[in-house]
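Everything on this sheet refers to the single structure shown next.
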Amino acid sequence: MCCNTFKFVPYFKENKTMTYDFNTIEKKWQDYWSKNQTFKASNTSDKPKYYVLDMFPYPSGAGLHVGHPLGYIASDIYARYKRHKGFNVLHPQGYDSFGLPAEQYAIQTGQHPAVTTEANIKTYRRQLDQIGFSFDWSREVRTSNPEYYKWTQWIFIQLFESWYNNDSNKAEHIDTLVEKFASEGNATVNAACDDDIESFSAEDWNNYSSEQQQEILLKYRLTYLAETEVNWCPALGTVLANDEIVNGVSERGGHPVVRKKMTQWSMRISAYAERLLQGLDTVDWTDALKDIQKNWIGKSVGASVSFNVNGHDDIIDVFTTRPDTIFGVSFMTLAPEHELVSQITTAEQKEAVEAYIEKTAKRSERDRMADVKTISGVFTGAYAEHPFSKEPIPIWIGDYVLASYGTGAVMAVPCGDQRDYDFAKHFDIAIPNIFEGVDISEEAYASKDNVKIANSDFLNGLAYKKASKLAIYQLEQLGQGEGKTNYRLRDAVFSRQRYWGEPFPVYYVNGMPQMIDKAHLPIVLPEVEKYLPTEEGEPPLGRADVWAWDTESNTVVSNDKINHTTIHPLELNTMPGWAGSSWYFFRYMEDAANRDGVFASEDALKYWENVDLYIGGSEHATGHLLYSRFWVKLLKDRGFVNVEEPFKKLINQGMILGTSAFVYRVNERRDVFISKDLFDAFLNSQTNEEASKRILAVTGTETPTFSKVHVDVNFVNASDELDISKFRNWRAEFKHAKFIEDKIIVLREVEKMSKSKYNVVNPDNIVADYGADSLRLYEMFLGPLEQYKPWNTAGITGVHNFLKKMWKLYVGENGLKVNDAEPTKDNLKTLHKTIKKVQEDIENFSFNTSVSTFMIAVNELTAQKCTSKEILEPLLVLISPYAPHIAEELWSQLGHNESISTAVFPTFDASHLVESSKKYPISFNGKMRFTLELPMDMPKDEIEKTVMAHEKTIAQLDGRTPKKVIVVPGKIVNIVG
RNA sequence: GCUGAAGUGGUGGAAUUGGUAGACACGUUGGACUUAAAAUCCAAUGUCCAUUAGGACGUACGGGUUCAAGUCCCGUCUUCAGUACCA
C-alpha cells in the first residue's frame, strides 16, 4: 500500500442527464407507459381502426432468444406508426399456453403443467416488457385459462351442431338437416358428409330409433366421431394431424409415426376446401404462402368413372384428371387396402394377393415414401369392363395407389401417366398409344397440351379440353361417370391422447357422444396424479377420479357415481394445440372487463372486424393459418362473426440464424487447439511448411488431423478473437487447453440458433449492454424482414453508436442544444427527404432501409450543426416507432407533457427537395467517366452542347467523333462512339 | 420430380419505374487524443494493373435485347423452403 491509498476521483463527473443513459431512460418510459396505460385500445373511437397482431408465442421453458422478437418488433413499429397516422390501433399479445413441451416436462418432473406454464409466462412477460412493445396487455389471452377455453369448447359444440349444405354453400344448424330428413329423407340433401351413407326416406327416418338417428347425423356434422386411420406416434403416446408430421416423423421430437385405426373426433375441414381455396384470392398474403396452402388443398378437376367388374355386382369407382384418355386404359390398379380386393380376387391369385397385402401393410408410411422407385404389385385375376369398348381390363393391386386419396383405385393409362407406364413395363402389360403422332416407346406422354387423341372411337382428333368434356358427357349418358373435383385436403383429426389441452364438453351414453349444454361450460381440466396414459392405454384423463357428468346437477362428479342413467363417463381425449389458436384473434377484440358471457360482443366484432396486419412464421402455413380460416368461415356461416377471412394482410418474418464459432482441436493431442488462421495456413500448400512446424513443435505429430469444436459465441469479440480464459473456464475438459498462438481467430459459420451449437444470444444481455432501442434497431437493420439472416452481436455497435450520435445532436455538455433557430435549406432538405423515405419504407415493410435513412439524417444534421427545433422535433416522431424510449425522453426534454406515441406523423413537403442543379453522370458507351453539375432547367440540346464542349469529354473522345449522344434531362448523359 | 424464394465486396446488406453498382453499417488498415487503455473523432477500404494521371475487370454462369442491364428475355448451375407415387 503506497500511492493508492487516496480515493480515486475522476476528473470529470458525468452528469447523467447529459449522456445517453439508456438503462435509466428505458426503465423510466416503460414504467410510464404501463402506469398511464398509453397503449390501451378503445372499442369506441372516431378514428379509423387498425388491428396489428403477432402470432402469439408458446411460452417455452427456454425463454426468448434474439430471433423471437423479430416479428414483434416489426409489428410494433407498424402499430406505433399507425397511431402516429391517426388510427385507433389494437395491438394485443397473449400466450398459446396449452401444448406438448409443458406436458413432457410434467411427465419427467411431476410438476403440474399449469405451474411451469405460469412460470414460463412470467419469464416471457419480463423479457417482452424490457423491449418496449406497445402491447395492450389488458386484453391478454391464455388458451389454457378456463375462461378462455370455455369458448373453445363452445365453438366445438357449434361445429357439432352444424352441417355443410353444398346447395347454400355454407354451414347450417343441424336442426335444418333434421327437418329435411323428417320431411324428405336424405335423397334431396346435398351435404358434405361421409361416403358410406345409405339413402333413406322421410318415413325411414321417422321410424329410426333416436340412436340410429344420432348415428346418421354424426356422418353429417362438421365435427364427428369416427373410426379413422390416424397417425399414431407411440413415443408421444398420441395421434398427430398431417401438418404435425414432417418427413414421416413427428414435428415435435422427431419420433416415428405409424398408421393405426382409432375412434377419434375429426373436423370436416374438407367441406370448406373450395372456399378455403377461393378465399386466398381475397387476402393480401405472399404468393409463396398462398401456393403452400393451394398445394395442401390440392384441387384437381376431372371425372369419376365407374367400372363394372366382370362376374360380380361390384363397381370400382375411380377418379381421373384425364377422362380424355379413357380409351388408353389397359389395366386398373387398386390400393392394397381397397375394400373390394378380397371380394374380386380369384382363387388362383388369392395366395399371391394376400401375401402382397401382408407385405405392404408391414411397411411404414416412411418406408413407402423413401422407396418410390421399386415397382410392386399383384394381379387379382379379376377383370373390369371398359365402359365404352366393353373390353375386359385386368385388375391389379399395387402400393403406388394410395388408399387415402380419391377412391383408392385408378384406371391405368400407361401411355399418358409415367407411373402407369412403369408399372405396365414392369409387368409386361400392353401400352396402347392413344396420342396422334407421339412417340411413347421411351416414356409416357403426360402433357395435356399440343396433343390430339387417336385410336379412341368418338374422341379421335380432339384436343384435351374437348375430348374430356365429350368423354364425361358420354359417361353420363351411360350412367357410368360424371365430372368431379377432388381435393387432397383431408379432414383433420381433432383428438389428442394428452393431458395438457382443452377437455371436450362431451359425455357418452351407450357409446354415443352427447354435448354438454353450453350453459354449463367451461368443463375444467381435471386433476390427475400422473400425466401418462393409463395401464389400459387410455389417455391421461383416464386417471382422473372426478371425471363423470351428472346430467341432473349438470356438474362434473366422481367416477364411482357413474350409473349410465343419469351419470355418464366424460370424454378422455383433449383437443389439439391448434384449437385455441384458431379463434384467439376475436377474443382480443373484446375488452377484458366485458368478456363475461360472450366470446366477444357483437359490437366489438363489428368494430374490429378482422386482423389488418398479421405477422408470424411461415411454418404455420398448413396448420394454424388453415384451421383458423376454417373456423372463421364456420363462425361466419352460423352468424357469430362478420368476416370470411381472419387475416387481411400477412407477413412471414424470416428466421434469425446464429453465427456459430469454432476452433480446431488436434485429434492426436486433444488438449491442443489452433485458430482458423493457422488451420488455413496448414491447408495452404505455400504456408503449410511453417504451420506444420509450429504444430509439430507442440503436438509431436507430423501429420495432425483436426476436428471443429463449437465455442460459445459469447467468448468471441467483434474481431472473431476468442477469449481464451473464458474458454478454459467454460468446461472441465477445456481447463488445460493449450493454444499455440497468442491470438485465436475462430472459424464462423451460420447455423440455426440452438443451445447445442452454443450460438444462442439472449436479448436480456443485449438490452443490458446496449439497450432495447439498440436491440430494436439492430434487429431491423439486419436485413429485410422476410429474409433468413444471421445474427452477429458484433454489428450492434453500429446502431448503438448511431443512438449516441443522435443523443448528442439534441443534448450537449451543457444540456439541451435544441433552440428556435430558423432551419436552413439543407436542414429542411434532410428532414423532408427522411420523412418521405421513412414513410415509404414503413408502408412497404422495408424496415432495414429506414434505419440507414435515420443514420444518414443524423450524420447530415450533425454536419450541418443543426439545432433547430423545427427540424429536430419532427425527426423524433419519425424515429419513435423504431426507438421509442430515446424518442420519448428527448420529446419530454423538448417540453412535451404528453407521450410522443400520439404525436402526428410529420407531413412531407416536396418543395424542400426541389433542386436547381443536377450532378449529371457523363458516360461513354454506358460507362460513367465523370460528373458535371448543370442547371436543372437546362434544355436537352443545351446540355449536349455543354457536355460536348467540356475538356474531359474531348479528352475521353480522343479525336473520335461520337455516333450518338443520349441526353435524358435530370438523369444521365451517354455518349456513344 | 413439382411449386416457390434467392444468388451483389472480407461480412450484413442498399440500389422502389432499365440510367453514377456497392448506400448505411460491421470488420480491417492508418492517423488524432491519452503515460497507457477504453471511449471518441478523422481518413482509406470491390478486385487487379499503374509512382501519379488513369485504366481493365466486376452483381452465380453462358447468351440476347438496349445508347445504357444487378434490374428485361432465353438457357444453365447452386442454395434454401414447401410438397411428394395425388391418379
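Within every chain, numbering begins at 1; the chains are lettered A, B, ... in the order of the sequence lines, protein sequences first and strands thereafter.
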**Request:** Would you please confirm or rule out a distance under 4.0 Å between OP1 or OP2 of B/A87 and any side-chain N or O of A/Y405?
**Result:** yes
**Asked** Is any side-chain nitrogen or oxygen of A/T333 closer than 4.0 Å to OP1 or OP2 of B/A87?
**Response** no
**Prompt:** Rounded to whole angstrom units, what separation is found between the CZ atom of A/R322 and the P atom of B/A87?
**Reply:** 11 Å
**Asked** For the pair made of CG in A/D720 and P in B/G10, what is the distance, rounded to whole Å?
**Response** 16 Å
**Request:** May I ask you to check whether over 12 heavy atoms, not counting those of A/D742, lie within 6.0 Å of atom CG?
**Result:** no
**Message:** Centroid separation under 6.0 Å, is that true for the rings of A/F423 and A/Y400?
**Reply:** yes
**Asked** If we take the C1' atom in both B/U52 and B/C61, what is their distance in whole Å?
**Response** 37 Å
**Complete:** Rounded to whole Å, the CD-C1' distance (A/E721 to B/C26) equals 16 Å
**Request:** Could you check which of B/U40, B/G12, B/G4 has an atom nearest any side-chain atom of A/F781?
**Result:** B/G12
**Request:** Scan A/T853 against the nucleic acid and name what it touches under 4.0 Å (heavy atoms): base, sugar-phosphate only, or nothing.
**Result:** nothing
**Item:** Value in whole Å for how far the P atom of B/C24 lies from CG of A/N848
**Value:** 15 Å
**Prompt:** How far apart are the C-alpha atoms of A/Y778 and A/H800, what are their side-chain angles, what is the distance that settles it, and do they pass the ring-ring contact (aromatic ring centres under 6.0 Å, His included) test?
**Reply:** CA-CA 8 Å; A/Y778 190 50; A/H800 187 66; over 10 Å; no
**Message:** Between B/G19 and B/C73, how far apart are the two P atoms, rounded to whole Å?
**Reply:** 15 Å
**Protein-nucleotide distance (A/N652, atom CG; B/G4, atom C1'), rounded to Å** = 12 Å
**Request:** Using the C1' atom as the reference point in each nucleotide, state the distance between B/C72 and B/G18 in Å, no decimals.
**Result:** 8 Å
**Asked** Is there a residue in residues 968-976 of chain A whose heavy atoms reach under 4.0 Å of RNA chain B, and which residues are they?
**Response** A/V968, A/K971, A/I972, A/N974, A/V976
**Asked** A/R929 side chain N/O closer than 4.0 Å to the phosphate oxygens (OP1, OP2) of B/A56?
**Response** yes
**Message:** Tell me the interatomic distance from A/L650, atom CG, to B/G4, atom C1', rounded to whole angstroms.
**Reply:** 15 Å
**Prompt:** Which whole number of Å gives the distance between the C1' atom of B/A14 and that of B/A21?
**Reply:** 10 Å
**Asked** In whole Å, what is the span from the CE atom of A/M411 to the P atom of B/A87?
**Response** 12 Å
**Request:** For A/T931 and A/Y920, test the side chains for any donor-to-acceptor distance below 3.5 angstrom and give the result as yes or no.
**Result:** no
**Prompt:** If we take the C1' atom in both B/G13 and B/C85, what is their distance in whole Å?
**Reply:** 43 Å
**Message:** Using modelled atom types and a 3.5 Å cut-off, is there a donor and acceptor pairing between side-chain atoms of A/R776 and backbone atoms of A/Y882?
**Reply:** yes
**Touch class at under 4.0 angstrom, heavy-atom based, for A/N486 against every strand present** = nothing
**Prompt:** When we call it a touch if two heavy atoms are under 4.0 Å apart, what does A/E786 touch: a base, just sugar-phosphate, or nothing?
**Reply:** nothing
**Request:** May I ask you to say what A/Q956 touches in the nucleic acid, namely base, sugar-phosphate or nothing, with a heavy-atom cut-off under 4.0 Å?
**Result:** sugar-phosphate
**Request:** Determine the Euclidean distance between corresponding P atoms of B/A84 and B/U78; express it in Å to zero decimal places.
**Result:** 24 Å
**Message:** Regarding A/K963, tell me which of base, sugar-phosphate or nothing describes its non-hydrogen contacts under 4.0 Å with the strands shown.
**Reply:** nothing
**Request:** Kindly point out which of B/A39, B/A25, B/C67 is positioned nearest to the side chain of A/I966?
**Result:** B/C67
**Request:** Round to a whole Å and report the spacing from CG of A/L657 to P of B/G12.
**Result:** 11 Å
**Asked** Hey, mind stepping through A/S270 and A/D491 against side chain to side chain donor-acceptor pair (under 3.5 Å) and telling me if it holds?
**Response** CA-CA 6 Å; A/S270 58; A/D491 283 348; 2.6 Å; yes
**Message:** Taking B/A6 as the reference, what is the distance to B/A50 when you measure between their P atoms (whole Å, please)?
**Reply:** 41 Å
**Aromatic ring proximity A/F847/A/F781, centre distance under 6.0 Å** = no
**Asked** Can you find a donor-acceptor N/O pair under 3.5 angstrom joining the side chain of A/K837 to the base of B/U16?
**Response** yes
**Message:** Could you tell me how far B/U65 sits from B/A69 if I compare only their C1' atoms? Round to whole Å.
**Reply:** 10 Å
